[in-house]
Amino acid sequence: MEAKRWLEPFSTDVQADGTLTPERLTGEQRLSHLRAIYEAVPESMPDQVVYRVYSMPVPERASELQTCTTVLEPGTVGREYFMTKGHFHAVRDRSEVYLGLSGEGLLLLATEEGDHRVIEMSKGTVAYVPGGWAHRSANTGSDPLVFFAAYVGDAGHDYATVLERGFPILAVMGDDGPRIVENPRYRVSAA
Ligand SMILES: [Fe+2]
C-alpha cells in the first residue's frame, strides 16, 4: 500500500494545569537529574519533580512543528529559582514561540557569545525565541509556571553546551522579589 503523503490532523486539549487530554506526558525532571545546574543542592532536599513536559507526537522533521507544554513547579534551591535545564537547538538557527498559560516566571535567553536577555512570562505572554538563542525558564511565583511552546520540527535539543558552560545569568530570589545576577559559574567558551 502506498504510504500516506500527509500526517493525519489531530487536536489536543490543554488543561488549566498544563496537562493534556489525551495524556501526553513525555518527560519528567527531578531535582536529582538537575543537580548540575544549581550551585549546590542540599542533601536534605527531597528529590521532587521540578518540571514535566507534555509533547504532541509529531515526526522530528523541518516540515512539521513540534509543540509541548511545560509545567515548572515553584520552589528554590538556595536562592536560585526552580528552572529548566535550558538548551540551544541542535540545529542552531531554529526558532521557537512560547505562550504563557499560567503562573509567573522569567524566560532567560543567551547566545553562545554570552549576550543575554530576559522576558517576563505570565498568562498570555507570547515570547519569540529567535534562532541562536539558548532558552531556560525560571519559576519566580508561588504557583506552577505553565507555558506552551511551538518550534521547528527538526530543531533538536543541545543540552550539553549549557550544562558544560552554564548560563551567563541566573534568576535568584532577592530581598524584595526576583533578581537577575551574573552567573559566577558561567564560562564564555568551552575549554
Ligand atoms: Fe527549545
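Each ligand, and each atom within it, is numbered from 1 in the order the structure gives. We number each residue from 1, following the sequence as shown.
The pair Arg185-Glu80 meets the salt-bridge criterion, with a side-chain N (NZ, NE, NH1 or NH2) lying under 4.0 Å from an Asp/Glu carboxylate O. Ion pairing of Arg79 with Asp175 is present here, as a side-chain N (NZ or NE/NH1/NH2) and a carboxylate O approach within less than 4.0 Å.
Between His157 and His89, the ring planes lie perpendicular to each other; the angle is over 60°, past the 30° to 60° tilted range.
Glu39 CD: 12 or fewer foreign heavy atoms inside a 6.0 Å radius. The environment of Glu182 atom CD is sparse: at most 12 non-hydrogen atoms of other residues, nucleotides or ligands sit within 6.0 angstrom.
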> After noting the C-alpha distance and the side-chain angles of Gln15 and Thr21, does the key distance pass the side chain to side chain donor-acceptor pair (under 3.5 Å) rule?
Replying inline: CA-CA 7 Å; Gln15 314 303 312; Thr21 305; 2.8 Å; yes
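For the Fe ion (ligand 1), protein N/O/S neighbours under 2.8 Å (waters excluded) are His87 NE2, His89 NE2, Glu96 OE1, His135 NE2.
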